[in-house]
There are 4 protein chains.
Amino acid sequence: MSHAESRPPSCGSIRGRPRSKAVGQAILEAVMKLFEDGVPLADLSVERIARTAGVGKAAIYRRWSDKEDLFVDVIRAAEPAERELPGRSMRGDLVVLLESLRQRTLASRSSAILHNAHTQMRSSPKIWAAYHAGVITPRRDLGLKVLRRGRLNGELRQDVDLELAIDMLVGPLLIRSFIRHDPDLPDGLPEQIVDVVLHGLRPVSSPRN
Amino acid sequence: MSHAESRPPSCGSIRGRPRSKAVGQAILEAVMKLFEDGVPLADLSVERIARTAGVGKAAIYRRWSDKEDLFVDVIRAAEPAERELPGRSMRGDLVVLLESLRQRTLASRSSAILHNAHTQMRSSPKIWAAYHAGVITPRRDLGLKVLRRGRLNGELRQDVDLELAIDMLVGPLLIRSFIRHDPDLPDGLPEQIVDVVLHGLRPVSSPRN
Amino acid sequence: MSHAESRPPSCGSIRGRPRSKAVGQAILEAVMKLFEDGVPLADLSVERIARTAGVGKAAIYRRWSDKEDLFVDVIRAAEPAERELPGRSMRGDLVVLLESLRQRTLASRSSAILHNAHTQMRSSPKIWAAYHAGVITPRRDLGLKVLRRGRLNGELRQDVDLELAIDMLVGPLLIRSFIRHDPDLPDGLPEQIVDVVLHGLRPVSSPRN
Amino acid sequence: MSHAESRPPSCGSIRGRPRSKAVGQAILEAVMKLFEDGVPLADLSVERIARTAGVGKAAIYRRWSDKEDLFVDVIRAAEPAERELPGRSMRGDLVVLLESLRQRTLASRSSAILHNAHTQMRSSPKIWAAYHAGVITPRRDLGLKVLRRGRLNGELRQDVDLELAIDMLVGPLLIRSFIRHDPDLPDGLPEQIVDVVLHGLRPVSSPRN
DNA sequence: GCCTAACCGAGACGGTACGTCACGTCTTTTA
DNA sequence: TAAAAGACGTGACGTACCGTCTCGGTTAGGC
């Protein structure tokens, strides 16, 4: 999974002392701990990470080319596994997907890490691209698949722009957690969002246009 | 507007050489130019800004307490004035509001600055709070006012959660521009979003639940 | 004298804050102090020098390209001025020259610095060359001048190899101080050496060959 | 000879694979090669030595406690055996001793090693002491013995300071080779030095004082 | 002919120092 | 007194080497 624990591609040989998994883990844990402790990103120096992990700086640079590269793995490690989709209805699947996103951005530990690492990555185009390709796009594609099936099943209108639909589902959640830093993502929020996207907010008797 | 061009409050005297407006302007322009040129945020040192502006570092620190403080003014300077709302219908006003946001995040110059400065601010809680209070909240409040009026007028159901509604309107646009870095925000997008939020995506004949 | 206190040649301008002489002096003093305190050369890190001098590392690297370059100036600063030669007789001048050398390698402060810096320079061909050209050669030339005048005056045989003669005068002193680390350079040593070089050690009645 | 090839005293057992002599030799050869190639001492890292020798770092540290310890053995290995003294006359023996020293400091291979290792040792008091006791002092004592015998035989004056005499013989040669880096040590140089020390440089008719 | 301890090359380990760069402040000359 | 210039102390950067430790694999005895 993580690209850091393996040896560099130039090193075809498997000779020499293998890298300690404990060290790699300690580094990731140290970054997460510092994130959780609310250490400002600007104060998150490699030297401090090494000190916190009880590790030499070289052990970090042996695994990651630089600080940005490390943060990608931290955020990957903090990402929980995607949960199974029930697949009974489009609505149900969408609720599960949003609930999964809500949990991720809500849960105390993962949340602090995600917020900080996310922020950090945004200032590094190269890392952002990697994160985008590795984390965001796969999830988006999963959502698109669910929507496409729902359109076939008649749960959506045939002319629906799926790209717009997925943004309308995900946008509100991300706005709340990342832009507004709102810790209050109520339990039923995913269902509410899905229902608004499906049914709209106009009065029930209101005619279409 | 900007708090930087005036003298500090401790400086009661107006004697001595007055501050050159050209210098202050040159600094702001230099930051914007560097943002536009796609300089990574990590490479945006004060020394480079001073070099680009043809200005001494002290001239910057005389006006802003630190780099973060400077960026607040840059983003403020880059924010275009809010346009007038026609006020004829909730739907129309919402489209105008979203169109305004779309323009801001779309336009080449402002966009690059916004994206970069936005990113920068996210890593600085203090600055983010200032930006939040000064830019985001007023606009959000404006949107809430429009929605509230629409609810009174019967353009929205009475039980609508306005906070959720505003996020559902704004979220998709911000997702596209800030998260997905999608430069393709088509002309009719604001209208589409508003319509989805009002009418939903389910088939027309589909019953509510 | 020292090439370090002046600005780099590329910097034609005299604008900006000038380098503080006190800082440059504090750095040299710090190195000398550490030498005197018997700090092993291997422990003489730039960071420690900066700490001792109460100075930033950058202030050192602004003046000297690296540690070796610094040591050249330290040894130069430690070299006392050459004393005046009476010029009455070759023998008298030689004694004065050797006495001067003895004082330099004997005196507590200068000695510790000389020994350490000397040693350090020996491991750096580039720096050794600079020291050789700037310190050793001028003194050697002074000695050669004295010898040449003595040869003209009949104080030396006409066929004397002056290069050999100078080495025979200087060699014993340097052997004692630098190779054997003998702190005991007795008062009359220069006179003894000069007399051996002039008169030899064979019994007085012994015939030449 | 070298204390490095034997197992540590704590290792009473002789079981297990014995140390390869070829490895120990390759390490010494690698250091000598690097010295010969003019590699600056500062660049002579243990890792580079191991790389050059095609050997693991542990193989070095298994034999020598540290880099200094290794250099002692290198210089010992580079020292040629002392030659036999004819013993017919003090003058003849002194010439042989000096000629031996001249050869050692002149010969290309040994010379480069000697110069470099010598320099290195000078910066390490502990190693310098070992070299002093093991190499310099025995030779010096040999020279003193020759001089003492010469004084008894009437080849020297009875009041001659032998310590001074030995320094006057050895000093000029070391000055030339180690301080001045003069590769030009002419054939007859030892004889010239001995003659100056015996007969002096004053004109033949010049009276004593 | 095994067994096994100590060797071997390779390279990771926690450290320390390197020389560079940017921070925000301070000090000079010039206008 | 503000301006540009640039030195100041501080501290993180990423690199290299220190001396130690740990891999899988090799090479000799002693059984």
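Per chain, numbering begins at 1; letters A, B, ... match sequence-line order.
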Fill in: Criterion side chain to side chain contact (heavy atoms under 4.5 Å, CB included) on A:Leu34 and A:Asp43, from CA distance to verdict
CA-CA 10 Å; A:Leu34 291 168; A:Asp43 295 0; over 6 Å; no
Practice prompt. Starting from the C-alpha separation in whole Å, work towards a yes-or-no answer on side chain to side chain contact (heavy atoms under 4.5 Å, CB included) for C:Trp64 and C:Val72.
Written response: CA-CA 10 Å; C:Trp64 295 278; C:Val72 172; over 6 Å; no
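Mapping D:Gly54 and A:Gly56 onto DNA chain E by nearest heavy atom places D:Gly54 at the nucleotide closer to the 5' end. Remark on DNA chain F: of its neighbouring residues B:Ala50 and D:Val46, the 5'-side contact belongs to B:Ala50, judged by nearest-heavy-atom nucleotide. Taking for each of B:Asp43 and A:Ala59 the nucleotide of DNA chain E with the nearest heavy atom, the 5'-most of the two is the partner of A:Ala59.
Using a 4.5 Å heavy-atom cutoff, the side chains of B:Val74 and B:Phe35 are in contact. No side-chain heavy atom of B:Thr52 sits under 4.5 Å from any side-chain heavy atom of B:Glu29. The side-chain heavy atoms of D:Lys33 and D:Val39, taken from C-beta on, include no pair separated by under 4.5 Å. You'll find the side chain of C:Val23 reaches within 4.5 Å of the side chain of C:Arg63, heavy atoms only.
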Polar pairs (N or O, both sides) under 3.5 Å between protein and nucleotides 26-29 of chain F?
| residue | atom | partner | partner atom | Å |
| --- | --- | --- | --- | --- |
| F:dT26 | O2 | D:Arg17 | NH1 | 2.7 |
| F:dT27 | O4' | D:Arg17 | NE | 3.2 |
| F:dT27 | O4' | D:Arg17 | NH1 | 3.3 |

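Atom-to-atom, CZ of C:Arg62 to C1' of F:dT10 comes out at 12 Å; the value is rounded to the nearest Å. E:dC21 atom C1' lies 15 Å from atom CG of B:Leu44, rounded to whole Å. Separating the CD atom of A:Glu47 from the C1' atom of E:dT16 is a distance of 11 Å, rounded to the nearest angstrom. Rounded to an integer number of Å, the gap from B:Phe71 CZ to E:dG24 P is 10 Å. Spacing between atom CD1 of D:Ile27 and atom P of E:dC7 amounts to 13 Å, rounded to whole angstrom units. Distance B:Tyr61 OH to F:dA5 P: 16 Å, rounded to the nearest Å. Between A:Ile60 atom CD1 and E:dC13 atom C1' the separation is 13 Å, expressed in whole Å. If you measure from atom CD of D:Gln25 to atom P of E:dC8, you get 14 Å, rounded to the nearest angstrom.
In this structure, C:Ala30 and C:Ile49 approach most closely via the heavy-atom pair CB-O, 3.9 Å.
Checked by distance alone, B:Lys57 brings a side-chain donor or acceptor within 3.5 Å of a matching partner on the base of E:dG24.
Of all nucleotides listed (E:dC8, E:dC21, F:dG14), E:dC21 comes nearest to the side chain of C:Ala58.
Between B:Arg51 and E:dC21 there is no side-chain polar atom (N or O) within less than 4.0 angstrom of OP1 or OP2.
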